[in-house]
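This report refers to the structure that appears directly beneath it.
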Amino acid sequence: ANGDRVNRPRVKSAVNEGLIERGEYDHFMLKEIHEQPESLARSILPYIDQATQTLNLGDVADTMFAKADRAVAIACGTAYYAAHTAKYWFEQKAKLAFETDIASEFRYREPVLPQTGPAMFVSQSGETADTLAALRYCRQNGTPAVAVVNVPESSIAREAAAIVPTYAGPEIGVASTKAFTAQLSVLAVLALNAAKARGHLLPGDEVMAVKSLMALPRKVTEALEAQDDIREIAKTLAPCRDVLFLGRGRYYPLALEGALKLKEVSYIHAEGYAAGELKHGPIALIEKDLPVVVIAPKDELFEKTISNVEEIRARGARVILISDAAGIKAA
Ligand code: M6R
């Protein structure tokens, strides 16, 4: 399936009037996947000073994060997984307690809000009803809202105290692709700015981080060059009934997002798990007809995740490892 989403009248008319076209691509989702180098560059460049290779977000980080006791981030679906990934960055880089919540649950819990920190709302459309309701709940309780949205004139953007836009451009495909990576890049910028405002980012580390951000569009271009190989692997998943996705640390939310995306576009049942949770139940399902997608770049957690890979292989299941060159070599 490749359902194309038209979730706003303005975008709809732009599509109908031929202002947004699929071009050479079979469907909008594929087009939007290939737009990522450009949408990432658009989402990163406004927030950095290229000449000095420093962060340049303005005063949002100082006013919202410098003295924060903690922060919460609230969103739905893919946007929630972007926020969940950012939790690792805010905690590790900015030393800020950071909770994430699904918007459709948040306001029913009577959550205890931060005393001096913001609530962040991540949304492509800026119109998701539960996310907007959660924002209103926070405002009523005096918690300032920071919106990370792709549509600057949306309700969530209008009602927030501060907006840090993503610049993914219109996303027509139902499945979020370029909006997700734009959210991740802007949340990374925010986490780094929060780290700086809180005195946890040394000048040398800031330059290194900015260089890494600037390298992202090129790295995504390189990743997209593997599309023919990826298509062949995808064909082997097509007949499967279930697929498991595993990740550890900041790749755990990515495993959840991978499972969501597979369900949404292929109607194959998929589950995402934290790799360390495998032994607490799901290992019972591992057998030769259950492919397991493992997201494990070569980092400090790699060896631990590879030990899970070995357990999975020992039970006869096929592992599809998503890693970097060093990880593929070491696996
Ligand atoms: O517009 P939003 O980002 O607020 O939408 C939230 C979710 O509905 C959305 O992320 C959804 O999960 C994705 N389109 C799935 O690919």
Side-chain angles (χ1 to χ4, degrees), residues 1-12 14-15 20 27-36 39-40 43 72-87 100-107 119-138 145-160 163-187 190 234 243 245 252-272 293 295:
N2 55 54
D4 287 336
R5 166 179 57 187
V6 177
N7 60 358
R8 288 183 307 126
R10 244 157 45 84
V11 173
K12 183 172 186 169
V15 174
I20 301 176
H27 48 81
F28 276 108
M29 182 179 164
L30 189 58
K31 174 173 180 259
E32 288 161 2
I33 287 170
H34 283 272
E35 282 172 358
Q36 286 179 104
S39 58
L40 277 169
S43 294
V72 292
I74 299 147
C76 293
T78 293
Y80 172 76
Y81 296 137
H84 192 175
T85 307
K87 173 183 167 71
T100 56
D101 228 310
I102 296 165
S104 55
E105 286 290 320
F106 179 72
R107 65 191 189 281
M120 294 167 58
F121 298 88
V122 185
S123 175
Q124 187 284 126
S125 62
E127 301 294 349
T128 300
D130 282 318
T131 310
L132 182 59
L135 185 153
R136 289 177 177 158
Y137 176 94
C138 289
V146 179
V148 176
V149 287
N150 197 42
V151 182
E153 62 273 23
S154 62
S155 306
I156 289 174
R158 282 201 312 271
E159 296 193 25
I163 159 167
V164 187
T166 55
Y167 294 97
E171 193 175 59
I172 312 299
V174 171
S176 185
T177 53
K178 64 175 181 171
F180 176 60
T181 48
Q183 285 162 351
L184 288 175
S185 65
V186 168
L187 288 165
L190 259 173
V243 177
F245 284 72
Y252 164 47
L254 220 47
L256 298 175
E257 167 62 9
L260 169 66
K261 208 102 295 173
L262 188 67
K263 280 186 269 214
E264 189 178 22
V265 303
S266 69
Y267 310 134
I268 296 171
H269 169 244
E271 292 293 334
V293 178
I295 306 168

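Counting starts at 1 for both ligands and their atoms, following the listed order. Numbers here are sequence positions counted from 1.
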Margin query: Between T85 and L187, is there a side-chain heavy-atom distance shorter than 4.5 Å?
Written below: no
Checklist line | Contact partition for K261 relative to ligand 1, non-hydrogen atoms under 4.0 Å | finding: side chain
Notebook entry, point to check: Is there any N or O on T128 that sits under 3.5 Å from an N or O of ligand 1?
Noted result: yes
Notebook entry, point to check: Can you find a side-chain donor-acceptor pair between E127 and S154 that sits under 3.5 Å?
Noted result: no
Checklist line | Ligand-residue contact atoms, ligand 1 with A175, heavy atoms, under 4.0 Å | finding: 16 (O)
Checklist line | Under 4.0 Å to a heavy atom of C76 - the qualifying atoms of ligand 1, by number | finding: 6 (C), 7 (C), 10 (O)
Check: Out of E32, H34, E35, which one pairs with K178 under the side chain to side chain donor-acceptor pair (under 3.5 Å) rule?
Finding: E35
Notebook entry, point to check: For ligand 1, which atoms have a heavy atom of E264 less than 4.0 angstrom away?
Noted result: 15 (C), 16 (O)
Notebook entry, point to check: Is the backbone N or O of A75 less than 3.5 Å from a side-chain atom of T131, with the two atoms forming a donor-acceptor pair by type?
Noted result: no
Margin query: Counting only nitrogen or oxygen atoms and a 3.5 angstrom limit, does Q183 reach ligand 1?
Written below: no
Next item on the list: Kindly identify the option in A75, A103, S125 whose heavy atom sits closest to atom 1 (O) of ligand 1.
Entry: S125
Notebook entry, point to check: At a 4.0 Å threshold, what atoms of ligand 1 neighbour a non-hydrogen atom of A79?
Noted result: 3 (O), 10 (O)
Next item on the list: List the steps and the verdict of side-chain contact (heavy atoms from CB on, under 4.5 Å) for T166 and Q124.
Entry: CA-CA 8 Å; T166 55; Q124 187 284 126; over 6 Å; no
Notebook entry, point to check: Side chains of Q36 and T181: is there a donor and an acceptor less than 3.5 Å apart?
Noted result: yes
Margin query: Would you compute the distance between atom OG of S155 and atom CZ of F121 and round it to the nearest 0.5 angstrom?
Written below: 13.5 Å
Note to self: Using a 4.0 Å cutoff against the non-hydrogen atoms of G77, which atoms of ligand 1 qualify?
What the structure shows: 12 (O)
Notebook entry, point to check: Looking only at heavy atoms, is any part of V174 under 4.0 Å from ligand 1, and if so is it the side chain, the backbone, or both, or is it neither?
Noted result: backbone
